[in-house]
Amino acid sequence: MFQSISQCLNSSTSTLFHARQAHALFLKFDFFSNTQLTTSLLTLYSHYLPFPQLSIILSSLPQPTIFSFSSIVHAFARSHHFHHVLGAFSHMGSRGLVPDSYLLPSAIKACAILKALKPGRQVHGFAAVSGFGSDSILVSSLVHMYLKCNRIEDARKLFDSMSERDVIGWSAMIAGYSRLGLVDKAKELFSEMRNEGVEPNLVSWNGMIAGFGNAGSYIEAVMLFREMISEGFLPDGSTVSCVLPGIGNLEDVLLGEQVHGYAIKQGLELDNFVLSALLDMYGRCGCASEMSRVFNGIDQTEIGSLNAFLTGLSRNGLVDTALEVFKKFKAREMELNVVTWTSIIASCSQNGKDMEALELFRDMQADGVEPNAVTIPSLIPACGNISALMHGKEIHCFSLRKGIFDDVYVGSALIDMYSNCGRIQLARRCFDLMPSRNLVSWNAVMSGYAMHGKAKETFEMFHMMLQTDHKPDSITFTSVLSACSQNGLTEEGWNYFNSMSKEYDVKPQMEHYACIVTLLSRVGKLEEAYSVVKEMPFEPDACVWGALLSSCRVHHNLSLAEIAAEKLFVLEPDNPGNYVLLSNIYASKGMWDEENRIRDMMKNKGLRKNPGCSWIEIGRRVHTLLSGDKSHPQMKEILEKSDKLSIEIKKSGYLPMTKSVLQDVEEQDKEQILCGHSEKLAVVLGLINTNPGQPLQVIKNLRICDDCHAVIKVISRIEDREIFVRDTNRFHHFKDGVCSCGDFW
DNA sequence: ATAGGGTTAG
């Protein structure tokens, strides 16, 4: 019977039921006096019961020994229940039992994993007074604990005090420095170790490789990897998964494939870490099909691989596939974690699926997954993209409630969001309240000011930034130059442009030339702009020619327009906008034959004018309005309100700018067409559905037209509303009958 | 029964 109970307790197929049955026998026959049997029973129990229940059983033991506790502590450690390890450990103290040198390392490990510095120090103190101070295993675990708690100095002091420093201690220290990105220190230690005659093992190498990878020194990491192989080490799963991110970042797909082949040969493709690292590598190298092949070959998909796959799909522009895969695994009731949700939310907000991103955020919370400091800045851009100010504010509040507010990514995302929703002052306040800022934060606030046409503030921020440790990059200059071009500041524009490479070591790129060309051509210096285009150090792209073409329309320069259009028809033959611009120029000159020729070109290519489209957030809903589309359920009210407004607007002396309608139609019809412009529909819809005095924000997928601009100015006065309109170019802030752009755009 | 290393989200 003794034997059979023992066998039953130690069998891997035994369940909680068996444990309870055995427990009854223990009570009946008083087996608790047998230490070995008691230990087996507790070990079995510890697979099924959380600490509080186990502790009751422990308390009921007539004479618990150190072994009773050991079995439980180690079982918890094996099953990663580190809170319970600490619980059992302190319970043991209260029962008057003194831990031995076998038990202490487990307790210390638990402190390390939980980053519980205080209990860690207590155990350290106990070990010191109990004479374990020279036990190398124990001291190694203490070194590790201090490293995990980010107390590198304490760890180093302890490590230096060790009389016999073995490869484990060295490797721990190397990995500790590596994790903090202190690769020079890690390297130093690595050679010191060899000088002391301790040979590195796989773990030491892996620690080094991971460190260089973490620090972004991918080339060094790959070099170490090769060096390690040349010294005769066989990379294992850990090596492979810490070198692959570097290979992915370098987009060295050939090396990636070699490593993949090696992983297969070594049977490492069953290792989940290796799998997700492989998926990530192929994703970064742009090998979507190879990535999918790896993913589809997986027997049992683990969450890390799913996450890596989703991100890889999105990286390669396959958002719809990512969403499908996500839904498939959610339906399979796979347990999704915060990384999965964040990844799919980011895919949506980065790929124009903003409403989906907001919905997914709700689903995530309904699923009981807690968003974190990475989720928030992945979601916030979705609000900015569609000017969903209320949603944006809600998420801002959410992050404040959750205590996620001193994160530099969150702060920068909020700056972008508020400025994309027209609230540049709120954006600035977020910037001012940030406890620390990086280049992204500075760029965000400057790009906000630039979008709002606030050149003075953009320059102010630029010079404030120079007072800090941050150096301007190419994005910084894009903002500064576009602020110049919004305001026609030719001289300042040239000064900043010339200072880029001279003073700040930033080479002007395509977008900077595009800014300068826009700036010059918009103030009418079309010939100067054209000579910049001709003298650029690289082939001008569609943005540059497009800037020139749209200014030609404003300044009625037909010959240059034809040159620019010809280039554009080659560079982007399927962009209807270019044909429309050129045909509009012909139309404005009454050249109807040429106009028709261009229209025919479009028709032959099967191109149609991009329909004007505007969005407006009303309450918690975002409404989409298409130009000339009558399908909105409130269309009748919109038209009624438009008619009333028309009367008022005409009374104020405004005449419809029929020049904006460049079609060969009767004057009467032109007025009709103007009424259908999507931005006007959106403004009117906003007027109907919001309280008097409430500001409105509208975004438009094309540039705002002259007539809408004039009409919205009047509306802002007679309806006493602030109206924010974001078009593809900039912000227009209408208030009291004037617009922040000063009618120059 | 005790010690060291890895992947995936901005």
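Just so it is clear: chains get the letters A, B, ... in the order the sequence lines come, proteins before strands, and each one is counted from 1.
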Contact class for [X] vs. all strands (heavy atom < 4.0 Å): base, sugar-phosphate, or nothing?
X	answer
A/Asn337	nothing
A/Phe309	nothing
A/Gly207	nothing
A/Asn201	base
A/Asp100	nothing
A/Thr39	nothing
A/Ser70	base
A/Arg78	nothing
A/Ala373	base

I'd like to know if the side chain of A/Arg165 reaches the main chain of A/Trp170, judged simply by a donor and an acceptor atom lying under 3.5 Å from each other, with no hydrogens or angles considered.
no

Within 45° cone of A/Phe329 ring axis and under 6.0 Å: A/Arg332 NZ or CZ:
yes

When you list every nucleotide of DNA chain B with an atom under 4.0 Å from a heavy atom of chain A, which one comes first 5' to 3', and which comes last?
B/dA1 to B/dG10

Under the side chain to side chain donor-acceptor pair (under 3.5 Å) test, residues paired with [X] that sit two or more places apart:
X	result
A/Asp354	A/Asn385
A/His391	A/Glu617
A/Ser106	A/His74

Just checking A/Glu335: does its CD atom have more than 12 heavy atoms from other residues, nucleotides or ligands closer to it than 6.0 angstrom?
no

Any pair counted as salt bridge (Lys or Arg N to Asp or Glu O under 4.0 Å), so long as it reaches residues 359-377 of chain A, sequence neighbours left out
A/Lys330-A/Asp367, A/Glu370-A/Lys402

Does any donor atom in the side chain of A/Thr65 or A/Ser68 lie under 3.5 Å from an acceptor atom in the other side chain?
yes

Checking side-chain polar atoms at under 3.5 Å, does A/Ser204 have a donor or acceptor matched by the opposite partner on A/Ser171?
yes

Using a 4.0 Å cut-off on heavy atoms, which residues in residues 274-283 of chain A reach DNA chain B? List them by number, or say none.
A/Val274, A/Ser276, A/Asp280

